[in-house]
Colleague: 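Quick one: the structure is below, questions incoming.
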Amino acid sequence: MIIKETPNKTGLSSIKITKSSILKVSFSKIIDDNNFGLPMPSDEKVNNAKKIQKIIKTLLIIRSKTGAELVTTNKSNNIGGCEHCDIQKWSWQNQKIKNYLKEISKNAIYIIRAGDSRIFGSIEHDVFFVYCIEYKPGDIYKH
């Protein structure tokens with residue numbers, strides 16, 4: 001799948017998805033940071049079973065959808081809701097994450113809801129690349 005952003009009359013981007021197949025999930029581009037990437041096994045985030053369960057369920061939902069289905073999922077869904085992340089317009093709590101997202105992604109970045117956590121990533125060639133995870137609301141951006 002290829003996602004391409006193109007300008008339209010209002011100056012906003014529209015997204016074109018050229019191929020529909022079920023997404024794979026990759027952690028190969030996740031930030032190397034225990035607070036926003038994959039935590040150490042001894043980290044307290046791992047011991048919060050409900051939070052981890054919602055994150056895993058969200059990842060399974062991502063794997064069950066095509067790119068077109070994922071990006072059009074209503075953002076109000078508590079698990080699997082999706083919204084486009086405009087890096088320049090959002091109010092960031094963590095500049096390190098903002099800079100990482102600007103540096104790593106050539107495609108549109110999406111935020112997927114996982115209960116009160118958020119999974120940041122983009123879609124490229126039928127793969128949803130996870131860039132970072134906001135385990136606690138407000139740690140990455142102001143909600």
Side-chain angles (χ1 to χ4, degrees), residues 1-6 8 10 12-143:
M1 169 175 35
I2 299 171
I3 294 180
K4 181 180 177 186
E5 288 191 71
T6 57
N8 61 25
T10 63
L12 301 173
S13 296
S14 62
I15 298 170
K16 294 182 180 178
I17 299 177
T18 59
K19 183 180 173 189
S20 292
S21 76
I22 301 300
L23 294 170
K24 295 172 183 66
V25 175
S26 173
F27 291 93
S28 64
K29 296 181 181 183
I30 196 163
I31 192 167
D32 186 16
D33 181 307
N34 287 335
N35 294 320
F36 304 108
L38 296 176
M40 300 302 292
S42 59
D43 193 298
E44 68 182 54
K45 288 185 268 305
V46 175
N47 294 325
N48 185 335
K50 286 185 179 184
K51 185 176 292 285
I52 296 301
Q53 183 180 30
K54 288 177 183 178
I55 291 171
I56 291 171
K57 184 175 182 179
T58 302
L59 293 169
L60 293 174
I61 288 171
I62 292 169
R63 284 190 48 207
S64 71
K65 295 185 178 224
T66 65
E69 291 169 337
L70 181 65
V71 301
T72 58
T73 303
N74 189 331
K75 73 178 184 177
S76 66
N77 291 359
N78 192 33
I79 302 290
C82 179
E83 67 181 299
H84 181 261
C85 174
D86 187 338
I87 294 174
Q88 300 305 326
K89 293 182 180 178
W90 284 42
S91 183
W92 296 89
Q93 291 287 92
N94 190 303
Q95 292 299 312
K96 176 182 176 181
I97 299 298
K98 176 184 177 182
N99 294 337
Y100 182 74
L101 293 174
K102 283 171 48 177
E103 174 188 317
I104 193 78
S105 182
K106 295 174 184 80
N107 296 319
I109 296 174
Y110 298 99
I111 301 172
I112 314 299
R113 293 179 64 135
D116 64 351
S117 299
R118 303 290 185 268
I119 299 171
F120 290 70
S122 68
I123 302 168
E124 187 177 330
H125 305 296
D126 296 329
V127 177
F128 181 84
F129 287 97
V130 177
Y131 295 142
C132 60
I133 301 171
E134 182 182 60
Y135 295 96
K136 183 178 164 194
D139 280 353
I140 292 180
Y141 72 99
K142 295 176 186 170
H143 293 249

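Only heavy atoms go into these numbers, but all of them, side chains included; no hydrogens, no water, no symmetry mates.
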Colleague: To the nearest 0.5 Å, tell me how far His125 NE2 sits from Ser21 OG.
Modeller: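 So the gap between those two atoms works out to 12.0 Å.
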Colleague: Within a radius of less than 6.0 Å around CD of Gln95, do more than 12 heavy atoms belonging to other residues, nucleotides or ligands occur?
Modeller: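 Yes, CD of Gln95 has more than 12 neighbouring heavy atoms, counting only those of other groups under 6.0 Å.
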Colleague: Roughly how far, to the nearest 0.5 Å, is CG of Asn99 from CD1 of Ile87?
Modeller: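 CG of Asn99 is found 9.5 Å from CD1 of Ile87.
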Colleague: Minimum heavy-atom separation for Tyr135 and Ser117, please, with both atom names.
Modeller: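 Of all heavy-atom pairs spanning Tyr135 and Ser117, the closest is O-OG, 3.2 Å.
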Colleague: Are the side chains of Phe129 and Asn107 in touch, meaning some heavy atoms are under 4.5 Å apart?
Modeller: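 Counting from C-beta outward, Phe129 and Asn107 never come under 4.5 Å.
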Colleague: Where do Val46 and Ile52 come nearest, in terms of heavy atoms and distance?
Modeller: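 Reported closest heavy-atom pair: O-CG1, 3.7 Å.
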Colleague: Is any side-chain heavy atom of Lys65 closer than 4.5 Å to one of Thr73?
Modeller: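 Yes. Closest side-chain heavy atoms under 4.5 Å.
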Colleague: Under 30°, 30 to 60°, or over 60°: which ring-plane class applies to Tyr131 and Tyr100, parallel, tilted or perpendicular?
Modeller: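 Correct class here is perpendicular.
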Colleague: Counting N and O atoms only, with roles assigned by atom type, does the side chain of Glu83 sit under 3.5 Å from a partner on the main chain of Lys75, one being a donor and the other an acceptor?
Modeller: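 Between the backbone of Lys75 and the side chain of Glu83 there is no qualifying donor-acceptor contact (under 3.5 Å).
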Colleague: Is there a side-chain contact between Lys45 and Asn35 (heavy atoms, below 4.5 Å)?
Modeller: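 The answer is yes; the side chains approach within 4.5 Å.
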Colleague: Calculate, to the nearest 0.5 Å, the distance between atoms CD1 and CD1 belonging to Ile133 and Ile55 respectively.
Modeller: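 So the gap between those two atoms works out to 5.0 Å.
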Colleague: Evaluate the criterion side-chain contact (heavy atoms from CB on, under 4.5 Å) for residue pair Tyr110 and His84; output intermediate values, then yes/no.
Modeller: CA-CA 5 Å; Tyr110 298 99; His84 181 261; 4.1 Å; yes
Colleague: Determine, stepwise, if the pair Ile97 / Phe120 fulfils side-chain contact (heavy atoms from CB on, under 4.5 Å).
Modeller: CA-CA 10 Å; Ile97 299 298; Phe120 290 70; 5.6 Å; no
Colleague: From Phe36 CZ over to Asn94 CG, what is the distance, rounded to the nearest 0.5 angstrom?
Modeller: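 Output value for this atom pair is 4.5 Å.
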Colleague: So do the side chains of Leu59 and Arg63 get within less than 4.5 Å of each other, counting heavy atoms only?
Modeller: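 No, their side chains stay 4.5 Å or more apart.
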Colleague: Would you call Leu23 and Thr66 a side-chain contact if the rule is heavy atoms closer than 4.5 Å?
Modeller: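 Side chain of Leu23 against side chain of Thr66, heavy atoms only: no contact under 4.5 Å found.
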Colleague: Decide yes or no on side-chain contact (heavy atoms from CB on, under 4.5 Å) for Gln93 and Asp139, but give the supporting numbers first.
Modeller: CA-CA 6 Å; Gln93 291 287 92; Asp139 280 353; over 6 Å; no
Colleague: Is it true that a side-chain atom of Ser105 and a backbone atom of Leu101 form a donor plus acceptor pair closer than 3.5 Å?
Modeller: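 Side chain of Ser105 to backbone of Leu101, a donor-acceptor pair under 3.5 Å: no, none is there.
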Colleague: Please report the C-alpha distance between Ile112 and Ile61 in whole Å, then the side-chain angles of each, then the deciding distance to 0.1 Å, and finally whether the side-chain contact (heavy atoms from CB on, under 4.5 Å) criterion is met.
Modeller: CA-CA 10 Å; Ile112 314 299; Ile61 288 171; over 6 Å; no
Colleague: Which value, rounded to the nearest 0.5 Å, describes the distance between Tyr141 atom OH and Ser91 atom OG?
Modeller: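 With rounding to 0.5 Å, OH (Tyr141) is 11.0 Å from OG (Ser91).
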Colleague: Does CG belonging to Asn74 count more than 12 external heavy atoms closer than 6.0 Å?
Modeller: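 Yes, because the 6.0 Å sphere around CG of Asn74 holds more than 12 heavy atoms from other groups.
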Colleague: For the residue pair Ile31 and Lys96, establish whether any side-chain heavy-atom pair is separated by less than 4.5 Å.
Modeller: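 Yes, close enough: below the 4.5 Å cut-off.
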Colleague: Side-chain contact, heavy-atom cut-off 4.5 Å: Leu70 with Ile62?
Modeller: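 With C-beta onward as the side chain, the pair touches.
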Colleague: Show the nearest heavy-atom pair for residues Arg113 and Asn78, with the distance to one decimal.
Modeller: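 Here Arg113 and Asn78 meet closest at CB-O, 3.5 Å.
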Colleague: Of the non-hydrogen atoms in Asp86 and Trp90, which two are nearest, and what is the gap between them?
Modeller: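 Closest approach of Asp86 to Trp90: O-CD1, 2.8 Å.
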Colleague: Ignoring hydrogens and geometry, is there a side-chain-to-backbone donor-acceptor pair from Asn77 to Gly80 under 3.5 Å?
Modeller: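 No, because the side chain of Asn77 does not come within donor-acceptor range (under 3.5 Å) of the backbone of Gly80.
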Colleague: Nearest heavy-atom pair of Ile119 and Thr58: which atoms, and what distance?
Modeller: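 Distance-wise, the nearest heavy atoms are CD1-CG2, 3.9 Å.
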Colleague: Minimum heavy-atom separation for Cys132 and Ile140, please, with both atom names.
Modeller: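 Taking every non-hydrogen atom into account, SG-CD1, 3.9 Å.
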